[in-house]
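First comes the structure, then the notes that go with it.
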Amino acid sequence: MEEFKTIALFNYNHEIVVLKHRLDQEGIHYFFENETMSSIAPFYSNALGGIKLKIHPNDFETVQSILDDLKTNLKIV
């Protein structure tokens with residue numbers, strides 16, 4: 001896991017639900033640092049530096065395109 005790099009930061013657990021599904025569909029290995037602690041104590045998220053999406057550097061371009069797609073096309077009312 002030492003070679004995994006942070007590509008995105010999130011404040012709350014609900015922000016990563018759809019992203020997890022998309023990463024699983026693509027078969028990308030990832031983990032979210034501070035996810036468990038943020039679910040236990042949500043207001044500590046900022047103090048911990050947020051929920052960090054960590055990926056292998058080889059998957060950077062694929063994950064960046066997924067993040068860009070979700071940012072432009074995901075409209076939650």
Side-chain angles (χ1 to χ4, degrees):
M1 296 290 180
E2 294 174 8
E3 61 203 36
F4 278 44
K5 303 294 180 194
T6 301
I7 189 171
L9 294 170
F10 303 93
N11 291 320
Y12 303 104
N13 286 347
H14 68 272
E15 297 174 319
I16 62 175
V17 175
V18 174
L19 179 57
K20 280 183 176 182
H21 179 66
R22 289 286 307 272
L23 294 172
D24 288 338
Q25 279 183 325
E26 295 291 329
I28 295 172
H29 297 286
Y30 66 90
F31 72 96
F32 286 96
E33 186 177 327
N34 300 330
E35 178 184 13
T36 304
M37 190 62 191
S38 293
S39 66
I40 295 169
F43 296 110
Y44 286 178
S45 182
N46 285 336
L48 298 171
I51 302 169
K52 300 172 186 171
L53 171 57
K54 301 265 188 168
I55 61 163
H56 193 275
N58 294 343
D59 295 324
F60 184 85
E61 290 178 14
T62 306
V63 174
Q64 188 62 54
S65 69
I66 291 171
L67 290 169
D68 292 342
D69 182 50
L70 288 175
K71 187 183 294 183
T72 59
N73 295 323
L74 184 63
K75 306 279 191 261
I76 299 176
V77 178

Which value, rounded to the nearest 0.5 Å, describes the distance between [X] atom [atom1] and [Y] atom [atom2]?
X	Y	atom1	atom2	result
L19	F10	CG	CZ	5.0 Å
K52	L9	NZ	CG	7.0 Å
K5	I55	NZ	CD1	11.0 Å
N58	H29	CG	NE2	11.0 Å

>> H21: which residues meet the side chain to side chain donor-acceptor pair (under 3.5 Å) condition with it, sequence neighbours left out?
In response: Q25
> Could you give all pairs that pass the side-chain hydrogen bond (donor to acceptor under 3.5 Å, both in side chains) test and reach residues 34-44, with sequence neighbours left out?
Replying inline: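 Every side-chain hydrogen bond (donor to acceptor under 3.5 Å, both in side chains) pair that includes a residue of residues 34-44, provided the two are not neighbours, is K20-E35.
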>> Once you measure the plane-to-plane angle for F32 and Y30, does it fall in the parallel (<30°), tilted (30-60°) or perpendicular (>60°) bin?
In response: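 Rings of F32 and Y30: perpendicular, over 60°.
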> Can you say whether the rings of F31 and F4 are parallel (under 30°), tilted (30 to 60°) or perpendicular (over 60°)?
Replying inline: tilted
>> Using side-chain heavy atoms (C-beta onward) and a distance below 4.5 Å, is L23 in contact with L53?
In response: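 Yes; the side chains approach each other to less than 4.5 Å.
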> Quick one: does I51's side chain get under 4.5 Å of E15's, heavy atoms only?
Replying inline: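 Contact flag for I51/E15 side chains = no.
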In residues 60-68, what donor-acceptor pairs under 3.5 Å come from side-chain atoms, sequence neighbours left out?
unit_1 : atom_1 : unit_2 : atom_2 : d
Q64    : NE2    : D68    : OD1    : 3.1
S65    : OG     : T62    : O      : 2.7

> Do L70 and I28 share a hydrophobic cluster, counting only Ile, Leu, Val, Met, Phe, Trp and Tyr and linking them when any side-chain heavy atoms are less than 4.5 Å apart?
Replying inline: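 Yes: a chain of side-chain contacts under 4.5 Å links L70 to I28.
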